[in-house]
**Q** 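I am attaching a structure below and will ask some questions about it afterwards.
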Amino acid sequence: MASVTINSVRKSYGGFEVLHGIDLSIANGEFVVLLGPSGCGKSTLLRMIAGLEPITSGQISIGNVVVNELHPKDRNIAMVFQNYALYAHLSVFDNMAFSMQLKKVPKEEIRRKVEWAASILNLTPYLDRQPRQLSGGQRQRVAMGRAIVRDPSVFLFDEPLSNLDAKLRVQMRTEIKELHHKLSTTTVYVTHDQIEAMTMADTIVVLRDGHIEQIGKPLDIYDRPANLFVAEFIGSPSMNFLSGEVAAEAGRLVVRANGVSLPLPPGANVTAGQVVKYGIRPEHLRPDTGGAGIPAKVSVVEPTGPEIHIYADIGGQEICAITQDRLELAPDDAISLVPALDRIRLFDPTTGKVINGPNEAPPRTLMRA
Amino acid sequence: MQETFWQKRLRDVAAVLVVGIFMFPLFWWALTSFKPTSAIFDKDGIVWFNFKPTLVNYQVTMLGKSRAELAIESGNTFGVGGASSYDSRQTIIDSLIVAVGATALTVLLAVLASYALSRMRFYGRQAYLNWILSQRFMPPIAIIVPVVFMFHYMSLLDTRLGLIIVDTLINLPIAVLLMKSFYDDVPVDVDEAAMIDGASRLQIFWRVVLPMVKGGVAATAVLCFIFSWTEFLLSLFLTNSIRTLPVKITTFVTSTGSEWGFIAALGTTAVIPSFIFILLVQKQLVRGLTLGSLKE
Ligand SMILES: Nc1ncnc2c1ncn2[C@@H]1O[C@H](COP(=O)(O)OP(=O)(O)OP(=O)(O)O)[C@@H](O)[C@H]1O
Ligand SMILES: [Mg+2]
């Protein structure tokens, strides 16, 4: 086990820079998820930690040792690849034993360790099989077994679940989390799936185009996105954004969007005339049939079971609201939507940065541990 | 796709037909090798099975008997005239040495070179690949004269080693390109996983990647072997006392007529080593040729 420190790390391919100065410190035993859209540089960063890509500039340390020049095998890391990268010609046992066989570990100890890993991962009945005789989930577990027998100080995962079907993905998600709980090994996990990130991470690092957009605990990132990109990327359906301009109305500040007034929380950090993006998550828009909110016209209604997704039109801008109430709604119905004032996020449309500050008091409904 | 009964039947019939078309010449050749000369050419028509099978053709080509000896043994004077130059035992040995040697050398070089081409990024890699490919376009006849001169100065003319080298030369480009396509099918992640597991480059190659492409190695080896085994032009120019099979067979066509019986016997025998070789690597070969089985 060890901490990982990444210090103004840059990466260029040829003259083309893909990571622009990454700073990140990962505590001992922490489960960090690197999250971002395809091509943002997640894998590149992970492979640099592993030693599979040279570091263009900056420094990476694992457990206080600068590893920039260390060969992958000397970094004491283990990596699980998206396509498992199993040794197809070796049995499950030998796949897991390979690293120890190379180090000439005594046979007895190899056997003991492989059997220990197999029992943790429910692979004991399959030790003699070849990888091609296993299901996708089992192969993934072999890849993890190969990683854990080495007692690495850091686990690296590169989208390990993306080749599995939806159901198995959920199951493996839990298994990886349990494994982390048992071994408490520092883990860096790459994914572009925000649900995976939310459910597994201690800390999420949101990346875009080789920049870190935000670092935080899953719920902090969800509740207090630092900018438009993070707000939009995390959450499904994603946050609603309405473009408008701050105006004074009846002695209070509101946002005017195409002639519709959107209420603001008291003490919002804006002035009249300012152009803003008004952000509100679908579950924080309460449909009110009484008419005491923002007037909207229903366009599509999608019941998902536990909740109903209502797509509606506010002054020509499309928004989504989610309710658990069993509302009888049809397209073209007029409804009004009441935003939870303490959940409103205002963004500067030019910089994309949040206006009502990432440091404001936690939202009212945050539960105490 | 659901096949109807008749579609299935039709496919079976087609398969049998195709196999039949390809096997018939082989069958006919083998049959001919057991015929006496009178049955090979019969002025009254084609002889199928109504002949008295004989081993004469094999006795001459494989046991080195001359026809005169045979005629005296059997008291039959028909067809006397064959000489000991029809003895092909040394030919088979030479051909085997050349084919096995060239195959081994080609596979050894190709397996290493193509691994580097598949895995390492170096300056001029693509140009190098194109150059290898271009070697494949070159017909052997185009280089025969310079090769003869070079071999002359290196004392490689009329040696088995010379033939091994020249066959390797011709086979290497296709072997490298073929092996590279097999390596390319093994994800680089596998190399990287092994690297993290602590394997050196050589260990990765020898213990991880090479075993994963053994089907490809088998396919490449078969290809090389068959080429060497049947190569005619280069051995004709580069040897005179050493005679490989295809060259030897042409010597059975003489100014006084063609010895069809001997040609058939030697031709039939020549099939056997290829057959055994393919049988040995059959399992790997099928896996090597059905690409994709290595993936995932
Ligand atoms: N070998 C390379 N040569 C040149 N550019 C590269 C190379 N590898 C990656 N890149 C570029 O670096 C950027 C980041 O790639 P990376 O693989 O890290 O993305 P990613 O975030 O892992 O995406 P994905 O979710 O699709 O795996 C991309 O723009 C990619 O085109
Ligand atoms: Mg990636």
Side-chain angles (χ1 to χ4, degrees), chain A residues 13-14 43 46-47 49-54 70-91 94-105 130-136 139-140 142-147 149-150 152 154-156 158-160 163, chain B residues 111 115 118-127 179 181-221 281-296:
Chain A
Y13 287 108
S43 301
L46 194 77
R47 291 166 56 80
I49 300 174
L52 298 172
E53 292 288 347
L70 280 188
H71 190 271
K73 68 168 190 272
D74 302 320
R75 298 188 180 197
N76 199 22
I77 44 108
M79 185 152 169
V80 176
F81 294 82
Q82 177 173 354
N83 63 6
Y84 324 132
L86 297 179
Y87 310 133
H89 61 298
L90 297 178
S91 67
D94 287 329
N95 263 275
M96 295 203 245
F98 187 68
S99 63
M100 294 183 285
Q101 287 165 351
L102 288 175
K103 276 195 216 128
K104 309 245 184 295
V105 174
Q130 300 264 305
R132 83 183 101 86
Q133 300 166 307
L134 299 178
S135 72
R139 287 179 201 181
Q140 188 58 70
V142 176
M144 287 182 346
R146 193 168 63 180
V149 292
R150 300 186 40 213
V154 183
F155 269 135
L156 306 172
D158 193 354
E159 312 216 19
N163 282 357
Chain B
V111 145
Y115 178 72
S118 167
R119 291 305 198 252
M120 293 169 192
R121 298 283 170 269
F122 51 87
Y123 180 76
R125 178 173 160 278
Q126 193 53 48
M179 273 316 298
S181 77
F182 285 105
Y183 284 125
D184 288 346
D185 280 346
V186 177
V188 186
D189 295 358
V190 172
D191 296 50
E192 292 176 342
M195 192 192 287
I196 291 173
D197 269 351
S200 65
R201 219 4 138 176
L202 203 65
Q203 283 170 320
I204 294 172
F205 171 72
W206 187 248
R207 296 185 56 168
V208 178
V209 182
L210 191 59
M212 286 173 80
V213 297
K214 51 178 194 264
V217 175
T220 309
V281 297
Q282 185 200 24
K283 207 175 126 208
Q284 305 300 337
L285 187 65
V286 174
R287 275 188 63 196
L289 292 179
T290 49
L291 291 173
S293 58
L294 293 164
K295 284 192 184 158
E296 254 195 310

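In what follows, chains are A, B, ... by sequence order, proteins preceding strands, each numbered from 1.
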**Q** NZ of A:Lys103 to CG of B:Asp197: how many Å apart, nearest 0.5 Å?
**A**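 Result: 8.5 Å between the selected atoms.
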**Q** Give the minimum heavy-atom separation between A:Phe98 and B:Ala199, together with the two atoms involved.
**A**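 The pair with the smallest heavy-atom distance is CE2-CB, 4.3 Å.
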**Q** Which atoms of A:Leu90 are under 4.5 Å from chain B, going by heavy atoms: the side chain, the backbone, both sets, or neither?
**A**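 Neither part.
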**Q** Using every non-hydrogen atom in the two residues, find where B:Ala194 and A:Tyr87 come nearest and quote the distance to one decimal.
**A**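 Heavy atoms of B:Ala194 and A:Tyr87 come nearest at CA-OH, 3.1 Å.
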**Q** Treating B:Arg207 as the side-chain partner and A:Leu102 as the backbone partner, does any N or O pair qualify as donor plus acceptor under 3.5 Å?
**A** no
**Q** Between atom CG of B:Asp189 and atom CE of A:Met79, what is the distance when rounded to the nearest 0.5 Å?
**A**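 Spacing of CG (B:Asp189) from CE (A:Met79) equals 7.5 Å.
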**Q** Could you grab the distance from atom CZ of A:Arg47 to atom CD of B:Glu192, nearest 0.5 Å is fine?
**A** 4.0 Å
**Q** Might you confirm whether atom OH of A:Tyr13 has over 12 heavy atoms from other residues, nucleotides or ligands at distances under 6.0 Å?
**A**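 Yes.
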**Q** What residue in A:Gln82, A:Arg146, A:Met100 has the most heavy-atom pairs under 4.5 Å with chain B?
**A** A:Arg146
**Q** So what's closer than 4.5 Å to chain B heavy atoms on A:Ala78: side chain, backbone, both or neither?
**A** backbone
**Q** Check A:Ala85 against B:Ala193 and note the closest heavy-atom contact, atom names and distance.
**A** O-CB, 4.0 Å
**Q** When B:Ile196 is tested against each of A:Lys73, A:His71, A:Arg150 for side chain to side chain contact (heavy atoms under 4.5 Å, CB included), which residue passes?
**A**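 Between B:Ile196 and the candidates, side chain to side chain contact (heavy atoms under 4.5 Å, CB included) is satisfied uniquely by A:Arg150.
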